[in-house]
Amino acid sequence: MEPFSQFAADGRLRHLITLEGLEPELLRELLARAEHFLRVMEQGGDHGPELAGLTVANMFSEPSTRTRASFELAALRLGADVINLDVMLSSRVKGESILDTIYTLQAMKVDFFIIRDAQPGVTQYVAEHVDPTVSVVSGGESSLTHPTQGLLDALTILQYKGGFRDLVVSIVGDIRHSRVARSAWQALSILGTGEVRLVGPAELMPEEGDFPGASRHEELDSGLDHADVVMMLRIQNERMEQARVPDADRYFDRYGLTAERLRRARPEAIVMHPGPMNRGVEIASDVADGPQSVIRRQVTNGVAVRMAVLAHLAARARERAA
Ligand code: CP
């Protein structure tokens, strides 16, 4: 069996499961396309029928607000039909295998599967088994991948900072379990970011050798010094015990981003958070809603990035079919 590739035999991207191994030119092309869709959105224009006649199935077996809603909006705005399959209310709970579920939806002529799942490797497994005309996109897989989140984070940084080369980006919180941190780091590395810092308790740092090139900081203050971008991560209540962080108050005391701590970063630093936020745990409300916060811009960018990804994959499929 051939080793798995996200690319089709003609070299075009067919699936998007991870940003790892993608060329900077492809990321820049996707970001430029997302910018185009943003301009169209702002002008109230017609996005174009790039997905007309195609069907997108959202298959989420973990909770989501932003990713699922934005994939749905992205697909609808480009003219696709959309199915939202709530996996916990599907025949999966009656014992149907994931592949039988996929084959069932494929028989209804689904062209894209957007999959969020806690199990590592599921999106690749599905991609290895779908019909040749079908694409699979990760909507967030275990602690491994969230590629469209990485792209929307990169787009947000590009909009506010104009580039990546001279930047210091501090990613703060539960890095070890965060697919957001991993995909952001992948995007930032591919795009040639000056310095990426991982900041958080030792227990929530990734394994040695993981995230190569990034520096590690256990103290928040030193991790924030002169940062251009501060990317806060959700602290997952289920990880508190494992992190030996006994409660939310103590976590906030040590790692919560307050207005005072944010002054360690550059005055024009932006504050990011992928959502959902735990206000008063990893971030103070006045910072989340403050003048340096770009958290809502990230959400808007998420729709545009997902439009760009779906349009890119659809164009590939149409060219191959022609
Ligand atoms: N950032 C993110 O993935 O949010 P949701 O879990 O709401 O999709």
Side-chain angles (χ1 to χ4, degrees), residues 16-19 30-31 34 38 56-77 82-89 112-120 122-123 136-159 169 171-188 200 204 229-239 257 270-279 281-283 287-289 293-310:
L16 183 60
I17 289 169
T18 176
L19 297 178
L30 291 170
L31 299 184
L38 279 172
V56 175
N58 279 323
M59 288 181 50
F60 280 51
S61 59
E62 285 190 311
S64 170
T65 297
R66 282 146 282 266
T67 311
R68 183 171 138 169
S70 57
F71 264 116
E72 180 172 2
L73 278 177
L76 289 170
R77 285 178 182 169
V82 179
I83 299 168
N84 285 309
L85 192 76
D86 185 338
V87 174
M88 299 319 288
L89 293 176
F112 292 91
F113 288 100
I114 317 298
I115 297 179
R116 172 170 286 195
D117 205 287
Q119 200 182 327
V122 162
T123 45
V136 177
V137 179
S138 166
E141 177 179 325
S142 133
S143 58
L144 295 177
T145 72
H146 199 346
T148 54
Q149 179 74 44
L151 288 171
L152 78 86
D153 288 340
L155 178 61
T156 307
I157 293 170
L158 186 61
Q159 287 168 345
V169 179
I171 306 177
V172 183
D174 180 0
I175 317 275
R176 177 185 283 259
H177 304 101
S178 175
R179 55 195 173 209
V180 171
R182 188 171 296 275
S183 289
W185 164 76
Q186 285 167 345
L188 292 168
L204 294 181
V229 176
V230 181
M231 188 182 292
M232 303 305 295
L233 300 175
R234 180 173 79 91
I235 184 70
Q236 298 166 36
N237 292 325
E238 64 273 25
R239 318 270 188 220
L257 187 64
I270 56 170
V271 175
M272 303 174 69
H273 193 303
M277 285 185 279
N278 296 306
R279 290 169 182 262
V281 180
E282 68 264 4
I283 189 164
V287 175
D289 301 326
S293 170
V294 297
I295 294 169
R296 287 184 198 148
R297 168 50 70 167
Q298 286 176 266
V299 176
T300 305
N301 286 344
V303 180
V305 155
R306 285 157 186 140
M307 290 171 81
V309 167
L310 291 173

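Just follow the structure's listing: the first ligand is 1, and inside any ligand the first atom is 1. On a predicted model such as this, the values are computed, not experimentally measured, just so you know.
No donor-acceptor contact under 3.5 angstrom links the side chains of Thr123 and Ser138, judged on distance only. Between the side chains of Arg116 and His146, a donor-acceptor pair is found at a separation under 3.5 Å.
At a threshold of 4.0 Å, the pair Asp86-Arg68 does not count as salt-bridged, since none of the basic side-chain nitrogens sits closer than that to a carboxylate oxygen.
Taken to the nearest 0.5 Å, the CD1 atom of Ile295 stands 10.5 Å off from the CD1 atom of Ile270. Here His177 contributes atom NE2 and Leu144 contributes atom CG; the two are 11.5 Å apart, rounded to the nearest 0.5 Å.
Here the heavy atom of the protein found nearest to atom 7 (O) of ligand 1 is Thr65 N, 2.8 Å. Nearest to atom 6 (O) of ligand 1 among the protein's heavy atoms is Arg116 NH1, 2.9 Å.
Below 3.5 Å of separation, one finds an N or O of Pro274 facing an N or O of ligand 1. At least one N or O atom of Arg66 sits closer than 3.5 Å to an N or O atom of ligand 1.
Close contacts between ligand 1 and His146 involve ligand atoms 2 (C), 3 (O) [criterion: under 4.0 Å to a heavy atom]. Counting atoms of ligand 1 from 1 in the listed order, those under 4.0 Å from a heavy atom of Thr67 are 2 (C), 3 (O), 4 (O), 5 (P), 8 (O). Proximity to Gly275 (heavy-atom distance under 4.0 Å) selects the following atoms of ligand 1: 1 (N), 2 (C), 4 (O).
Looking at Glu282 and Arg234, their side chains come closer than 4.5 Å, going by heavy atoms from C-beta outward.
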Give the intermediate values and the outcome of side chain to side chain donor-acceptor pair (under 3.5 Å) for residues Thr156 and Arg297. CA-CA 7 Å; Thr156 307; Arg297 168 50 70 167; over 6 Å; no
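Gly140 does not count as a contact of ligand 1, since none of its heavy atoms falls under 4.0 Å from the ligand. Heavy-atom separations between Glu62 and ligand 1 are all 4.0 Å or longer.
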